[in-house]
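Structure first, then comments.
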Amino acid sequence: RWMQGHADVATRFVGPLLAKAKKEKKWAPVDCVLYLLQPVRIIALGFITLMTWLQSAYPSGEIGFFQISYLFPTWVWFVMVLVQFAYTPLIIWMERHKFSLKLVWLYLTYSIYTLTWVPIAIIGVINKDKKEWFHTKHTRKITIEEVNN
């Protein structure tokens, strides 16, 4: 249900947030837009992954009556995959300025985990207009010191 609400809010607020960013000449609303577009990004990741697997399985690009290059030329798929897979390590490197083999392993396993969100994102976008309220009980109380530890 998380992606469902996410997609609903995105369809209502992306336009106004971009207008606000342009009007105020600030980047903070753009950051919100990027966050709100996560369901679209996840679906795109799933589609790009599928097309990459198809391109690997059928290097000629012909799948029966369908030609993969009809959608985009092969180099476009390559660039999309490169951007998708370079985005997260680039951000981590910018934050930490470190590189390790453990980081590579964690990133590869994270990539597999991310693919599990593709069906959730698709269902969330499809059901974005179905609104049901589920109360979340917040029963745990912690102090700021506990958070910092």
*Tell me whether Tyr113 is reachable from Ile122 by hopping between hydrophobic residues (I, L, V, M, F, W, Y) whose side-chain heavy atoms are closer than 4.5 Å.*
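Yes.
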
*Transitively linked via ILVMFWY side-chain contacts under 4.5 Å: Ile123 with Phe47?*
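Different clusters: Ile123 never reaches Phe47 through Ile, Leu, Val, Met, Phe, Trp or Tyr contacts under 4.5 Å.
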
_Looking at every heavy atom in both Ala121 and Pro39, which two are closest together, and how far apart are they?_
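Taking Ala121 first and Pro39 second, the nearest heavy atoms are CB-O, 3.8 Å.
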
_Which residue is it: Ile42, Ile43, Ile120? I am looking for the one with a side-chain contact (heavy atoms from CB on, under 4.5 Å) to Val125._
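The option that passes is Ile43.
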
Who are the side chain to side chain contact (heavy atoms under 4.5 Å, CB included) partners of [X], not counting sequence neighbours?
X	result
Lys102	Ser100, Leu106
Ile142	Arg140, Glu146, Val147
Leu18	Val14, Val33
Glu145	Thr143

_List the residues meeting ring-ring contact (aromatic ring centres under 6.0 Å, His included) with Phe13, not counting sequence neighbours, and say none if there are none._
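Testing Phe13 for ring-ring contact (aromatic ring centres under 6.0 Å, His included), a comparison that skips the adjacent residues, returns none.
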
*Any side-chain heavy atom of Val118 sitting closer than 4.5 Å to one from Leu50?*
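No, their side chains stay 4.5 Å or more apart.
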
*Is the backbone N or O of Trp105 less than 3.5 Å from a side-chain atom of Thr109, with the two atoms forming a donor-acceptor pair by type?*
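It does hold such a pair.
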
_Suppose we screen for side-chain hydrogen bond (donor to acceptor under 3.5 Å, both in side chains). Which residues come up paired with Glu24, at least two apart in sequence or across chains?_
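Result, side-chain hydrogen bond (donor to acceptor under 3.5 Å, both in side chains) vs Glu24: none returned.
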
